[in-house]
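Side chains included, hydrogens not; waters and symmetry mates left out as well; all remaining heavy atoms used. Counting convention: from 1, in listed order, for ligands and their atoms alike.
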Amino acid sequence: MPLKKVPSRVAGLKFLGKDSSRSNKHRAKMNLCSILMVKKPGVPELFKTYQCQNYYHQMQVDIWESCRSQSLEAIQSMQQRNLSALADEWPGGPRAAFPKLETYKRKELRRYDKETGAEGYSLTLEALCLSWMLQLRLCYLPESEHKEQGHSSCLALLQEMLSLQSFNSFDPIAQHEILEAVAVYNGQLLEDVELLSLGKLAGESLKQARMRLHHELARINGQLEAGVRQQQFHFKYFEYAAASLRHKAAACQTGKIQRVQKKFSKLLTEVTLCDDFTKHEEKSQAEAQVLLSMIRACGDALERRSEHQHSEQLTRDFEEAKTRLLSTLRSMPSVGEKRRFEFWREEVEKWFTHNEFEEFKQVTASNMIDVVIIGAGISGISCAKHLHASDRSGQLRIKIVEAAPRAGGRAKTLEQNGSTIELGASWVHGEKGNAIYDYASTKDLLLPDSWMSDPDWRWEDRPLRHMCGLEASDAEKKVFAEVEQAFDAFLDKASLMDEPGEKSLGNLLDEKFHEWAKRKEHDARMMQAAFEFKKREFISGIGSLDLYTASLAGYVQAEDVGPECVPLRRGYSSIVQALLQEIPDSEIVYGSGVKEVKNRDDHVEVFLESGSAIVARAAVVTVSLGVLKSGDLRFTPKLPEEKLEAIRKTGFGHIEKCILKFDADTWEDLKQGFHCLWPPEGDAFRPALLRNWEQSVFAFYPNQPRSSQSLVAWIVAEGFADVSAPTKVLDLLRRCLGRQVPDPVASFLTDWGANRRFRGSYSYLSTGQTPDAFSLLGRPFGRVFFAGEHTHPTYFGTAHGAYESGARCASEVMQTLEKPAP
Ligand SMILES: Cc1cc2nc3c(=O)[nH]c(=O)nc-3n(C[C@H](O)[C@H](O)[C@H](O)COP(=O)(O)OP(=O)(O)OC[C@H]3O[C@@H](n4cnc5c(N)ncnc54)[C@H](O)[C@@H]3O)c2cc1C
C-alpha cells in the first residue's frame, strides 16, 4: 500500500476532524461541501435532483464526527435525528434515493478505474463518497425491512471497491475510509447472524453462506492487518480490529477466538516494539497501548471462560488491566505530563466502558445453559415448574433472572404482625377451570367457603354513602340496587353478542344506560351517580384508565371461570412460595435486571444490567406489558412489526391501592367498609380526564383477609407517585363518613404504574384491536418465548392467566429444545 502525498484539502479535513473546536469543524464542513459541490460538477446536479443537499452535507459531517467518536450507535442516533428533521427535503424518503445515488456512483467509479492516472484524484473522491454512502447505508440496516437486500448490496459494493485495479494507488485517506467501512460492515454482518438470510436469498445452503462469509472476512482482515503492519497507527484500524475480535468471540468457539486474539496481540506487540513507534502521533501510540492491554485482558478473559469463572472475577481482571494500562501511559514521556494524562485517563475510561467491549466481557463470562427465564412473577415460576415437570432426563439447566430482590411480581403480600396485606393480586377469581384455584386447593391455601357468607363481607349489604358525608336514604339505595342490576344486565347482554365490533365499553354502557334511564321515573341525579359508581368500579376491574378506549370485544373475549372471589389464607405470596418450592433455589438470581435479549441462530444471549450475560438455548420473557411498552428491555434483532404493534396498542391499566391500617377499636367501626357516591359530573365520566386521582376512589373495602384491620381504596391514575396519597385518602374517608376518624396506625401505597419493573397493573384489549392481540403477544420469536398475563387469550389480566401462560411457554420451549439441530 504505497503512501502517496495526501491531497491537502482532504488531509485538512481528516486532521481537522481531530480538532473538536467549533470553527475547525465548520471549516471541515465547508471544505467537504466545496469538494462535493464545486470540484465535482456532476454531484450537485444529482443532489439537486433528489433535493437532498442539506441532508447530505450534514450527514457527511455528522458521520465524520461520529466515526471519530467510534460508535455505530452514535451514527444511528444522529441518522435518526437528521432523518426526522430533514425528511421533507427528500421526497420519497432516503431509501428511495439511495439506490439511484449508488448506481450513479458505482458507474462513475468503474469509469474512473479504467482511466486511472488521468482522473486519480476524482477517483479517490468518488471512492470516498461511496464509502461514506456505504456507512450511511449501514446505518439503515438494523431498521430496514429489506435487510437481506441491504446486506447483498453492501457486500457487492465492498467487493467492487476492494477489487478496483487502482485500489492500492488511492490516497491513503481514501483507503482508510474504505477499509473502515469494510470493518464496520464486517462487524455488522457477524452481528446479523452470519449471512444466514443472505444465504437464503442467494439460494445457498447455510453452510455455503458461512463459507462465503469466512472467505470474505479472511480477505478483509488481511487488509486490516496489512494496514496495521504498515504502521499506520490509525485510530480506526485498532478500533475495528477490536470490534471484529469481539464479534468473532461472540460467534466462534473458544479455540478459534484464542487464535484470533493471539494473532492480534502479536501484531500489536510488534507495532509497539518497533523502532519508530515513538515517532508516531501521540494519540496513535497511546491507542496502540490501550488496545494491546485490552486484547491482553480479553485473552485472559478467554482463558478463564473455559475455567467457568464468574463475571465478578472478570470485572476485577479488567479493572486490573485498566490500572496497568494507566500506569504504562503515565510512564510514557509523551503522555505522562499531567494535563495530557488527564485527557488519556478519560479516554481509557471510555475504552473500558465502551459498549462493545462490555459485551465482549459479558459473553466471555457466561456458560451456555438450556433456558433463561426473565422475571420471577407467577408466569416465570410457573414456566420453570412446568419445564422441570416435563424434563424426563432431569438434566435441564434453567436460570430465572429477576430484577427485584423477591419473587412474585404483581403478587405481593405484606406480612404485618401476623396479618397479611395484599398490595397486588388479592382474589382467586372463580373456581371451575381456574388453575390457581386448583393449585391452591391442593396445597390448602384458600380461605374456607364460609367467609363468603360472612355478613360483614356481603357485597350487597355494604353501606352506601355520599361523598358529602351523608348516608344514602333507603329510596336512594333502592335506585342504586336497580342501577347495579341493570348495569350487570347490560354487560351480560354484551357477553352474548356474537360480534361486539369496534365499540368501546364506555359507549355501550352509556347507550344502554340512557335507554334504560329514559323509562325510569327515579331521581335522575341519583341514577347518574349510581351509574358513575358502577363505571368507576368497573374500571378498576378491567384496569383501563378510560372505559372509552377499552374494547367491548375484549370484555366479551375475557373468560370468567366463575363468579367467586376467593381470598387466600396467607395471601397471594403463599402461592408464590408454594411454587418456589417446586424449583431449586439456586435457579433464581435476584436483583438481576435484564437489559437486552439477543436472538441468535441457535442460542440466545441475555445481557444483564449488572454487566454479565447468560447464554442459553432459549429465553422466556415474562416481563409485564408495561415493561415491553417502555422499551427498557431491548431485543436484537427487533421484534416483528405485528408484535410491536400489539405491544403498542394493547391496553395496560393503572390501578393502585392505598391501604390504611387501623387499631382494633377504630376497626370495629369501619370493618365493613362502604361504597361512595360522587356527585354526578355529567354523563362523560372518564377517570383519565378527572381533575385529580381522588375522584377515582369509589369505595373503601376491607383488605383481605380482614384480620389485617385495614381498608383499601382503589386508585386509577397513570404513573401514580403521589406520596401524600395516604393523607388525602384519609381525608376522603373522613369526608365520606362525615366525621373524624382516628389516624391509621400504618398506611401502604402501591406504585405499580411508576415502578419501572411493572409500569402498570394488568392488561386489557383496546378499541380498534383484533381479539388475537394477546395470542400475538405470546407468539415466540426465534428462540425467544413470551409468557405473562398479557399473553393469555382469555384469562388476560389475572394470576391464573399468568400461571397458564407459563405452562404454555414451557411446552413450546421443550418442543424447540427437543428438535434435532438443523
Ligand atoms: C393492584 C393489582 C391487583 C390485582 N388483583 C388481582 C386479583 O385479585 N386476581 C388476579 O387473578 N389477578 C390480579 N392482578 C393481576 C395479577 O397480579 C397479574 O396478572 C399477575 O401477577 C402477573 O404475573 P406475571 O408473571 O405475568 O407478571 P409479573 O408479576 O409482572 O412478573 C414479571 C416479573 O418480571 C420482573 N422484571 C421486570 N423487568 C425485568 C427485567 N428487565 N429483568 C428481569 N426481571 C424483570 C418483575 O420484577 C416481575 O417480578 C392484580 C394486579 C394488580 C397490580
Atom pair OH/CH2 of Tyr572 and Trp427 - distance to nearest 0.5 Å: 10.5 Å
Report the member of Ala425, Gly788, Gly593, Pro405 with the shortest heavy-atom distance to atom 14 (N) of ligand 1. Ala425
Closest to atom 45 (C) of ligand 1 (judged by heavy-atom distance), picking from Gly424, Gly380, Gly626, Ala403: Ala403
Is any N or O atom of His800, backbone or side chain, closer than 3.5 Å to an N or O atom of ligand 1? no
For Glu656 and His654, test the side chains for any donor-to-acceptor distance below 3.5 angstrom and give the result as yes or no. no
After noting the C-alpha distance and the side-chain angles of Glu582 and Lys385, does the key distance pass the salt bridge (charged side-chain N to carboxylate O under 4.0 Å, His left out) rule? CA-CA 6 Å; Glu582 302 199 32; Lys385 166 187 146 73; 3.1 Å; yes
Think Lys643 forms a cation-pi with Phe786, using NZ or CZ under 6.0 Å from the six-ring centre and within 45 degrees of its axis? yes
Hey, does Gly760 sit under 4.0 Å from ligand 1 if you only count heavy atoms? no
Just say parallel, tilted or perpendicular for the rings of Trp752 and Phe758, cut-offs at 30° and 60°. perpendicular
With nothing but distance in play, are any N or O atoms of Trp427 less than 3.5 Å from an N or O of ligand 1? yes
With a cut-off of 4.0 Å, which atoms of ligand 1 are near a heavy atom of Ile374? 42 (N), 43 (C)
Separation between OG (Ser710) and CD1 (Ile659), nearest 0.5 Å, reads 6.5 Å
Mind checking whether Ser382 has a heavy atom under 4.0 Å from ligand 1? no
Using 30° and 60° as the class limits, which term best fits the ring planes of Phe698 and Tyr701: parallel, tilted or perpendicular? perpendicular
Is there at least one pair of N or O atoms, one from Glu402 and one from ligand 1, spaced under 3.5 Å apart? yes
Does at least one non-hydrogen atom of Leu633 fall below 4.0 angstrom from an atom of ligand 1? no
For atom 51 (C) of ligand 1, the option (of Tyr590, Tyr762, Tyr803) bearing the nearest heavy atom: Tyr762
